[in-house]
Protein chains: 2
Amino acid sequence: MDASSPAPTRRSDVARHREMLIAAATEEFTRNPEASMGDIARAAELTRATVYRHFANREALEAAIRSDALDRASGALADCRLDDGTAVEVLGRVIRALSAQAMSLRFMVLQAPDSDPEFLARRAQVLSPLADVVRRGQREGLLDDRLSPEWIVTTMASLLVAAVRAAPSPDVEVAELVHRTLMFGVAKPAGD
Amino acid sequence: MDASSPAPTRRSDVARHREMLIAAATEEFTRNPEASMGDIARAAELTRATVYRHFANREALEAAIRSDALDRASGALADCRLDDGTAVEVLGRVIRALSAQAMSLRFMVLQAPDSDPEFLARRAQVLSPLADVVRRGQREGLLDDRLSPEWIVTTMASLLVAAVRAAPSPDVEVAELVHRTLMFGVAKPAGD
DNA sequence: CCGAAACGAGACATACGTGTCTCATTTTGA
DNA sequence: TCAAAATGAGACACGTATGTCTCGTTTCGG
């Protein structure tokens, strides 16, 4: 890859169009898994032929958006300083960061349990640091240790998806609402 | 509808097959919205021709399972004595009753917000008594009145679907777990 | 037991999505 | 400005699901 490939300088719009296609496909497939390649193209304001120039076939496009969603979630978690502060504070940052990736989060969480095994494995790998944070919180005495860490992570993801579905705009108040509900539930606080 | 229809006594297996088809379709479509009519037929241990004898087309089948899911949810709520006891006790009964209708519940909750408007309207109508129960609980001082009743209902439904997805068998412990998590969240209880 | 109704099996036309291809046009980067 | 690359438009063959139909067989109900 030196003299044989003289100048692989790619045009700027190629990367932009690819991102537009992945974003549109993530949104369309989340809303309607039966969406056709033509639907995706139209949602991205491109044509069907161009979609096939970026992705060999439908399976390749689906693999790309799965990978993109995992990358976004992984990147969001990487910016959360998972070891700084109490586990409760960390969960607050995680909820804010993930709610900013609403579409990818919904797509990632709602994937069927019988879909691509590689995706499921990578998702478990991406989410495992969260379970570690929860375990730390249980050791710190801040999180209920009668609940399994996996259930707590599932609860957080479910609330996040539900909230983001109701208010798709990345809102700080939404993140705060999810955090409060996750931590304390819907019962009336005792001393208040 | 008297002399013109002499004896509309339908055979017993017709109703049974219809129920098998609706049950199979609910499960298949929930797991894979792209499932074909042939997939549904095979899941119900019938043939494609028979499916079309029961339902004129795919749209009719989909409408039937939407209606069936709403009927099941409505029936489950009707057995919950929504006005007896505290709102917290009612929510416990509701969670138990709905978790027994796992498949229909998942199908009902996960329907896209841009699907059939009639379905969405009926769903809102079926769920509205739950919001009333929540409001009563807020007046009783048992539920947090800083949270909107709609969000509390959404939270309950989301947790229910998440739990039922992880453990599809109608388990009493699952219902108890959902109830506890809904009410008190995942934080460590204070005096314990 | 017997007739009517429902079913299984399978052929059939049709509609639609997929993936490939060509050619004219637009856009990027040097 | 200009050549190369990317796109738009649309034709094309192909595979698959849909919906309808027929005919022989099974099953329910009186």
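Any value given below was found using the heavy atoms of this structure, including those in side chains, with hydrogens, waters and symmetry copies removed. Worth saying up front: this structure is predicted, and the values here are computed from it rather than measured.
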Practice item. Any chance you could lay out the salt bridge (Lys or Arg N to Asp or Glu O under 4.0 Å) test for E59(A) and R66(A), step after step, and finish with the verdict? Key: CA-CA 11 Å; E59(A) 174 54 34; R66(A) 282 196 295 265; 3.1 Å; yes

Exercise for review: Return yes when atom CD of Q138(B) has more than 12 non-hydrogen atoms of other residues, nucleotides or ligands closer than 6.0 Å, and no otherwise.
Suggested key: yes

Point to revise | H17(B) side-chain N/O to dC7(C) phosphate OP1/OP2 under 4.0 Å | key: yes

Review point. Between dA6(D) and T50(A), is there an OP1 or OP2 to side-chain N/O distance shorter than 4.0 Å?
Key: no

Point to revise | R18(A), CZ: over 12 other non-hydrogen atoms inside 6.0 angstrom | key: no

Practice item. Would you kindly give the CZ-to-C1' distance between F55(B) and dT20(D), to the nearest whole Å? Key: 18 Å

Point to revise | Rounded distance (Å) that lies between atom P of dG19(D) and atom CG of L61(B) | key: 10 Å

Review point. For H54(B) and dA6(C), is the shortest distance between a side-chain N/O and OP1 or OP2 below 4.0 Å?
Key: no

Short N/O separations, protein against nucleotides 19-21 of chain C, under 3.5 angstrom:
{"unit_1": "dG19(C)", "atom_1": "OP2", "unit_2": "Y52(A)", "atom_2": "OH", "d": "3.1"}
{"unit_1": "dG19(C)", "atom_1": "OP2", "unit_2": "R58(A)", "atom_2": "N", "d": "3.0"}
{"unit_1": "dG19(C)", "atom_1": "N7", "unit_2": "R48(A)", "atom_2": "NH1", "d": "3.0"}
{"unit_1": "dG19(C)", "atom_1": "O6", "unit_2": "R48(A)", "atom_2": "NH2", "d": "2.9"}

Review point. If only atom types and distance count, is the side chain of R106(A) paired as donor or acceptor with the main-chain N or O of V164(A) below 3.5 Å?
Key: no

**Study point:** Between C1' of dA6(C) and CZ of R16(B), the distance in whole Å
**Key:** 11 Å

Exercise for review: Report yes if some heavy atom in the side chain of L105(A) is under 4.5 Å from a heavy atom in the side chain of S99(A); otherwise report no.
Suggested key: no

Review point. Nearest-Å distance, CG (D13(A)) to P (dT28(C))?
Key: 6 Å

Check your understanding: Tell me: CD of E34(B) to P of dA17(D), nearest whole Å?
Key -> 11 Å

Point to revise | dA17(D) OP1/OP2 closer than 4.0 Å to side-chain N/O of S36(B) | key: no

Review point. For L21(B) and dC7(C), what is the distance between atoms CG and C1' respectively, to the nearest whole Å?
Key: 12 Å

Point to revise | Distance in angstrom units between R18(A) CZ and dA6(D) P, rounded | key: 14 Å

Check your understanding: Among L70(B), I65(B), T26(B), which one satisfies side chain to side chain contact (heavy atoms under 4.5 Å, CB included) with M108(B)?
Key -> L70(B)

Study note, to complete from the structure: On DNA chain C, more 5' by nearest nucleotide between D39(A) and E45(B) is E45(B)

Exercise for review: Could you point out which residue of V174(B), V88(B), V94(B) forms a side chain to side chain contact (heavy atoms under 4.5 Å, CB included) with H179(B)?
Suggested key: V88(B)

